[in-house]
Structures are given as structure tokens and as C-alpha cells.
Amino acid sequence: MAGIFAVGSEELVVSPLLAPMAESFDASVGVMALSVSVYGIVRRLGHCSSLPSATGCRAV
């Protein structure tokens, strides 16, 4: 159970850091949020394409 929580929450850890990251990169919070979302989507697609049968992912 703890492992599932750790894996599922790793992308959520960055949420409180969006404002400082946006200030650091001289960008808006929306742009930073979009970049984190794109990272998560690409990571998921890469994971599904590498191990589709073991993870229950559908073919992309």
C-alpha cells in the first residue's frame, strides 16, 4: 500500500513548488503547470509502450 502511494504521489509533490519554479524560470505558473503535465503524460506513454502486457496498458 505504501509503495502504491509513493508511486502515485510523485508527480503531485511538485504542485506546491509551481510558484517558486515559475519565478525561478521567469515564466507563469500556468506554463510551469503545463510543463509538469506534459512530463507526466510523456512518462506514462513511454511506460505503457515499453511494458504493455505487464502493466495492463492498452496499445498506444
Side-chain angles (χ1 to χ4, degrees):
M1 185 72 89
I4 293 171
F5 174 76
V7 170
S9 65
E10 67 184 16
E11 277 84 18
L12 300 175
V13 170
V14 77
S15 297
L17 303 174
L18 285 176
M21 284 173 42
E23 185 177 320
S24 173
F25 287 103
D26 195 29
S28 69
V29 174
V31 169
M32 292 308 296
L34 181 62
S35 64
V36 171
S37 298
V38 168
Y39 164 76
I41 291 168
V42 170
R43 184 167 178 220
R44 177 65 180 168
L45 289 175
H47 178 70
C48 284
S49 66
S50 64
L51 300 169
S53 61
T55 60
C57 296
R58 292 182 280 154
V60 178

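What you see below is based on every heavy atom in this structure, not just the backbone, and it leaves out hydrogens, waters and symmetry mates. Since the model is a prediction, treat every value here as computed from it, not as a measurement.
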Write down the atom of Val29, the atom of Ala19, and the distance for their closest heavy-atom approach.
CG2-CA, 4.1 Å
In chain order, what residues pass the side-chain contact (heavy atoms from CB on, under 4.5 Å) check against Ala33, with sequence neighbours excluded?
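Per chain and number, Ala33 pairs via side-chain contact (heavy atoms from CB on, under 4.5 Å) with Leu18.
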CE-OG distance between Met32 and Ser24, expressed to the nearest 0.5 angstrom:
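Atom-to-atom, Met32:CE and Ser24:OG are 8.0 Å apart.
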If you group Ile, Leu, Val, Met, Phe, Trp and Tyr by side-chain heavy-atom gaps below 4.5 Å, do Phe25 and Val36 land in one group?
yes
